[in-house]
Amino acid sequence: MNSDNAFSFNPFSFNLSYLKSQAKHRLKAVRRGDYHALQSVQQLHPKQAQLNPDNIKLADIQFVMARECGLPSWSRLKHHAEMLEHHKQQIAQGSEALDKDLATLHIRCGHDIAQRLEQAGFHGDFLPFIDPYCMGPLSVAPDFEWQRAEYIRQYLLSEIGDPRTTDDILTETADKLAQLAQPDYHRLVFWVEHDNYDQLMLIRLLTHLATLPGVAGRQLEIIEVNHFPANTRFIGLGQLPAEGLRSLWQHRRPVDAITLERAGVLWQGFCSPDPAALLALLDASWLSQFENMAQVIRRHLQELPHQQSGLSLTQSLALSVLSASGPMTVADLFRGYQALEPLPFLGDLMFWVLLKPLLQSQQPLICLEPSTGSASWQEQTVSITELGRLCLSQQQKMVSSTYWVGGIKVSPEQHWTWDHVSLSSLHLVQG
């Protein structure tokens, strides 16, 4: 444990005794004239100008510690820490599983929380449904599953030397959809956060469930999280300790027939070849029922080319990191990009796949260092070219490669573009 950290090994796992001790430690530091300690308190205190080593109180420190964790008061931080401690004790005592009342299937877009759900005492089965609908083509065509399988094989699995074929992926998807349809599971629980990856998986599977017989007799629930108290940025459920996941059980919400229907409307919007469908959804009176969907739609459309640079937002952020920091490995570039990303939704491999067109174009915007040509994709050193700098500064425009943003096809011959700020600037470019 870092002696300057008021948290245990996981910053989302709180120790109240240590928090109290750290508050006293920070108060002493301020009172003995530690400028940096005082400054850290002043930054988040509403009366920062009046605070000084002579008048600062323990309550001031405690209030700021709560604000550092995204909470409005010390009492809320204390309550949160006590709640997590309660769940930790319940886990240690082997308390009854929270999902014991019904045969339950827990659904997640990856494996990240599987082990910790088991540690937290959940007894239901776990289904990792892994298909990054946030990138690549989407459609309502009969061959949609084949389109997805082919995209995953060609762009993702090939990058890591995975030998699975399109048929293999189709079989895996069919097996998972069949598990989802099993009537023996009386309760289905979706564990999602607020980003494009999770939200698109959610509406895709809800749309599928709506087509199954007997779905009205099953209990469908969502556990959806867009923040969790900590002094570090919340990105996803995979960051949380077992007691944190256990604490979320009380916040699950039911999915009714109207929610299933509206999930289908959302899915149709993301599959549409015309962004007008998504723009119309932003104005839908019921969209707030899907509390994170508005920002997901906006971020989704920011993968269309910028009208001045031709870059997607992902590409623009990556070039910004390279321009500021110089050559670096793809692994380091991904970390730098993620720090700038307003709504982190990509894994490192997905990020690299979206960046590679900048490397493979006739006039590359990034290049690989010759000495790292044989390294794994994470270890390759990449740098920005002069053309990359010109595109980043909007002095030149990248010629878009052919790619898909959901149902919207982007090609040099025809593509939708905007300024990534005002959706009213969205327009179609031909030729």
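In this structure, N15 contributes its side chain and Y18 its backbone to a donor-acceptor pair below 3.5 Å. With hydrogens and angles ignored, the 3.5 Å screen pairs no side-chain donor or acceptor of Q199 with any backbone N or O of F290. Judged purely by atom type and a 3.5 angstrom limit, D125 has no side-chain atom pairing as donor or acceptor with the backbone of L105.
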Item to complete: Please test H106 against D99 for side-chain contact (heavy atoms from CB on, under 4.5 Å), starting from the C-alpha separation and ending with a verdict.
Response: CA-CA 10 Å; H106 300 277; D99 59 354; 2.8 Å; yes
Item to complete: Please step through side chain to side chain donor-acceptor pair (under 3.5 Å) for the pair W377 and E159, ending with a clear verdict.
Response: CA-CA 8 Å; W377 62 270; E159 195 67 39; 5.7 Å; no
Worksheet item: Does the pair L301 and W416 meet the rule for a side-chain contact (heavy atoms from CB on, under 4.5 Å), with working shown?
Response: CA-CA 9 Å; L301 292 173; W416 290 88; over 6 Å; no
Practice prompt. Run the numbers on D168 and R153 for salt bridge (Lys or Arg N to Asp or Glu O under 4.0 Å), then give the verdict.
Written response: CA-CA 10 Å; D168 291 335; R153 181 200 63 78; over 6 Å; no
Item to complete: Might you work through the side-chain contact (heavy atoms from CB on, under 4.5 Å) test for L156 and D162, ending with a clear yes or no?
Response: CA-CA 9 Å; L156 293 168; D162 191 315; over 6 Å; no
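Between Y133 and W267, the ring-plane angle classifies as perpendicular under the 30° and 60° cut-offs. The aromatic rings of F234 and H194 lie parallel to each other, their planes meeting at an angle below 30°, with 60° marking the opposite boundary. Below 30°, between 30° and 60°, or above 60°: for Y337 and F334 the angle between ring planes is between 30° and 60°, a tilted geometry.
One finds no salt bridge joining K78 and E85 here, because no Lys/Arg side-chain nitrogen approaches an Asp/Glu carboxylate oxygen to under 4.0 Å. Ion pair R108/D198 flagged as a salt bridge, since at least one NZ, NE, NH1 or NH2 atom sits closer than 4.0 Å to an Asp/Glu carboxylate oxygen. Contact check on R299 versus D195 returns no salt bridge, with no Lys/Arg side-chain nitrogen under 4.0 Å from an Asp/Glu carboxylate oxygen.
Here the NE2 atom belonging to H300 is positioned 12.5 Å from the CG atom belonging to L343, to the nearest 0.5 angstrom. Note: T381 OG1 to L368 CG = 8.5 Å, rounded to the nearest 0.5 Å.
With ring centers used as reference points, H80 lies under 6.0 Å from F228.
In this model, no donor atom of one side chain and acceptor atom of the other lie less than 3.5 Å apart for S312 and T314. With 3.5 Å as the limit, one finds a donor-acceptor pair spanning the side chains of N292 and E224.
Checking V189, V255, I107, L205 one by one against L220, the side-chain contact (heavy atoms from CB on, under 4.5 Å) holds for a single residue, V255.
For the pair R246 and W249, the cation-pi criterion (under 6.0 Å, within 45° of the ring axis) is not fulfilled.
The minimum heavy-atom distance linking Q394 with S309 is given by the pair CG-CB, 4.2 Å.
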